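Written below as structure tokens is the structure these notes are about.
Sequence lines set the chain letters: A, B, ... in the order given, protein chains first and strands last, and positions in each chain run from 1. Fair warning: this is a prediction, and the values are worked out from it, not measured in the lab.
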There are 2 protein chains.
Amino acid sequence: MASIFWVEDQSHWIKKFSPVLEREDFDGKPNSLTILNFAEAARQKIALTDKDSPPDVALLDARMNGNDQAGFTVSTALRKKWPRLPIIYLSEHSGTEIEREALEQFSAQDFIAKHQHNVEQVLCWRIKAALRQASLDTDLTATVNVVNSGDLTIDLNTWNVYWKGQRLMNPSNARRPLAPTPRKLLRELVQSSPRPLTAIQIADRLDLDPEKFSYASYRQHIKTLRRAFDAVEDGEGRFTELCNNGEGIVTFGDEGAYLWKPPGGKSA
Amino acid sequence: MASIFWVEDQSHWIKKFSPVLEREDFDGKPNSLTILNFAEAARQKIALTDKDSPPDVALLDARMNGNDQAGFTVSTALRKKWPRLPIIYLSEHSGTEIEREALEQFSAQDFIAKHQHNVEQVLCWRIKAALRQASLDTDLTATVNVVNSGDLTIDLNTWNVYWKGQRLMNPSNARRPLAPTPRKLLRELVQSSPRPLTAIQIADRLDLDPEKFSYASYRQHIKTLRRAFDAVEDGEGRFTELCNNGEGIVTFGDEGAYLWKPPGGKSA
DNA sequence: AGCCGCTGTGAAAAATCGGTGAAAAATAGA
DNA sequence: TCTATTTTTCACCGATTTTTCACAGCGGCT
């Protein structure tokens, strides 16, 4: 939900823009629009709003009720509370001293002339641009890629695979990680669950030479995977047993296909 | 010094704006203005420019020489090399599909209509706003020009690399500094930790010819780095040993990727 | 029972990977 | 231009991964 904080004293602009702003899809969710008619009302609203739930973007008119500075006082209040909030000016006075002040003095993110062709659209485009810019700032570090299925977690960054919180290791050497091919294979199985995959389909997805990747190899990798799971299940062949009962990594009828069926889901 | 990268095919606009852009005080120092007349020339210029000395801001015209996409191809090239470079469009077609594309598809920082009152001034104000925004972003990430990871410090000004306070030297000659490529490579590894990097990814990030930078070279540079660390660890092969135990610079058994894992984290 | 085809298995062969030194090629500096 | 340095290539080795092979168990079918 994009929340927009808008201060505008002239009702005809409100009539013109509010339907567009409410309807426009900024982030896939419906928007919340807060409209204030006076600078003073805006400042009160700011004071009353929780510091931890700032609006996503603010729209201000620089000149309101005959006062050139009205918008700027609101800007100052906004900046004081939420220094990183993008502020966009909507004004009838582009190319003037007001625009200069907004951009230079008051660190406006943007300044939009109300009198221009297709303003409503332009406004939406520029709000989107401001939102994107703001998210860039915060996202910098983020982006964690994970594939998840029940007790199984595949970290696509480090390629570690976890089962019930423990790391799946190479069954032929418990100090080494799971080998690349079994790992990728598991990922494909999990991702295409509940659809089974034949050897040919796997070869295709992993970009392996279809001539080389035989059904026998596939079986071998499946064995490796089951043993890796077994190793985590401390005991002996617990996971393999599970597979025989139709959960985990199970065969699927013809053409030598296998299928990932998240265990415990149904028979728990 | 604000360096401006400007692509414009019509000389009357160049005549109109260049004096203003040269004279305007963006950051207290004289500006450097690079003007290209064609998209192709611009792409060449980009390719030839050092990745570590990007321009401060780019000005593009979306439509050049009758081609609506010309500016966008330049934009793509710029973004690929310098993802955080602010790009401002200067266009005769505001409020149109071109503006939408620029702002939404091509992540333009701003879009300025050439035909408006007081354009030269508006342009300067908005460049300043873009520069301010960009500096905000960088302040956020790397306050100082130092990359840090545990006992490792990379000073991006002098390009010195320190490990446990000692400077990493060239293993083939202890009186010389670490060679450029291993140094940059280390930086990329540290920055993208805990994500492994394949040879191709490294080539891409360091802007090397992907044809030339083979996995064999990558291995060689890794060797150089490990030895550089070893040299600091006074003794013999201490760091290399660490790597074998899964810390420091470790392989990542797939597609010849390596990964920086800050040592000492667990087994300290 | 006897004969399939399908899976699971261990062991061994084959291919690949990662580390290495040495040398060739490219690049930078004087 | 010539030299010093960096970067890439090459050939080799041991370790690891992947594939192949041969066989066993388990139904279903005639």
Write down the distance between [atom1] ([X]) and [atom2] ([N]), rounded to a whole number of angstrom.
X      : N      : atom1 : atom2 : result
A:N244 : C:dT9  : CG    : C1'   : 13 Å
B:E241 : C:dG18 : CD    : P     : 21 Å
B:E255 : C:dA15 : CD    : C1'   : 17 Å
A:H221 : C:dT7  : NE2   : C1'   : 16 Å

Provide the closest heavy-atom pair for [X] versus [Y] in the form atom of the first, atom of the second, distance.
X      : Y      : result
B:P262 : B:E247 : O-OE1, 4.0 Å
A:R226 : A:I249 : NH2-O, 2.8 Å
A:S192 : A:R205 : CB-NH1, 3.9 Å

- prompt: Under 30°, 30 to 60°, or over 60°: which ring-plane class applies to A:F213 and A:Y218, parallel, tilted or perpendicular?
  reply: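 Tilted, since the angle between the ring planes falls between 30° and 60°.
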query: Of A:T181 and A:R219, whose closest DNA chain D nucleotide lies nearer the 5' terminus?
result: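 By nearest-heavy-atom nucleotide position, the 5'-most residue is A:T181.
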task: Would you mind telling me which residue lines up with the more 5' stretch of DNA chain C, A:I249 or B:I222, judged by nearest nucleotide?
output: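 Looking at DNA chain C, the more 5' nearest nucleotide goes with A:I249.
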query: Closer to the 5' end of DNA chain C via nearest nucleotide, is it A:T240 or B:F252?
result: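 Of the two residues, A:T240 wins.
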message: Is B:Y215 close enough to C:dC17 that one of its side-chain N or O atoms is under 4.0 Å from OP1 or OP2 there?
response: no
query: Quick one: is A:Y258 getting a side-chain N or O under 4.0 Å of the C:dG8 phosphate, OP1 or OP2?
result: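 Yes, A:Y258 has a side-chain N/O under 4.0 Å of OP1/OP2 on C:dG8.
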message: Does anything in residues 169-178 of chain A come within less than 4.0 Å of DNA chain D? Heavy atoms only, and list the residues if so.
response: A:N170, A:R176
message: My understanding is that only residues two or more places apart in sequence, or in another chain, count here; which of them pass side-chain contact (heavy atoms from CB on, under 4.5 Å) with A:D207?
response: none
task: For B:P55, check side-chain contact (heavy atoms from CB on, under 4.5 Å) against everything at least two apart and list the hits.
output: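 Per chain and number, B:P55 pairs via side-chain contact (heavy atoms from CB on, under 4.5 Å) with B:S3, B:F5, B:W82, B:L85.
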message: Taking B:T198's backbone N and O only, do any of them form a donor-acceptor pair with B:Q201's side chain (distance below 3.5 Å, no angle check)?
response: yes
query: For every nucleotide of nucleotides 22-30 of chain C, 5' to 3': is a protein heavy atom under 4.0 Å from its base (B), only from its sugar-phosphate (S), or from neither (-)?
result: B---SS---
task: Would you indicate whether B:K45, at its atom NZ, is surrounded by more than 12 heavy atoms from other residues, nucleotides or ligands within a distance under 6.0 Å?
output: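 Atom NZ in B:K45 is not packed in, count stays at 12 or less.
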With a 3.5 Å cut-off and sequence neighbours excluded, list the donor-acceptor pairs that the side chains of residues 11-19 of chain B form with protein atoms.
residue	atom	partner	partner atom	Å
B:W13	NE1	B:E92	OE2	3.1
B:S18	OG	B:I14	O	2.7

message: Which residue is it: B:L90, B:D110, B:L131? I am looking for the one with a side-chain contact (heavy atoms from CB on, under 4.5 Å) to B:R126.
response: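 Of the listed residues B:L90, B:D110, B:L131, the side-chain contact (heavy atoms from CB on, under 4.5 Å) partner of B:R126 is B:D110.
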query: Nucleotide range of DNA chain D contacted by chain A, 5' to 3', under 4.0 Å to a heavy atom?
result: D:dT16 to D:dA22
query: Base, sugar-phosphate alone, or nothing: which one does B:R226 contact when heavy atoms must sit under 4.0 Å apart?
result: sugar-phosphate
task: Taking atom types as modelled, find out whether B:T73 and B:T76 have a side-chain donor-acceptor pair closer than 3.5 angstrom.
output: no
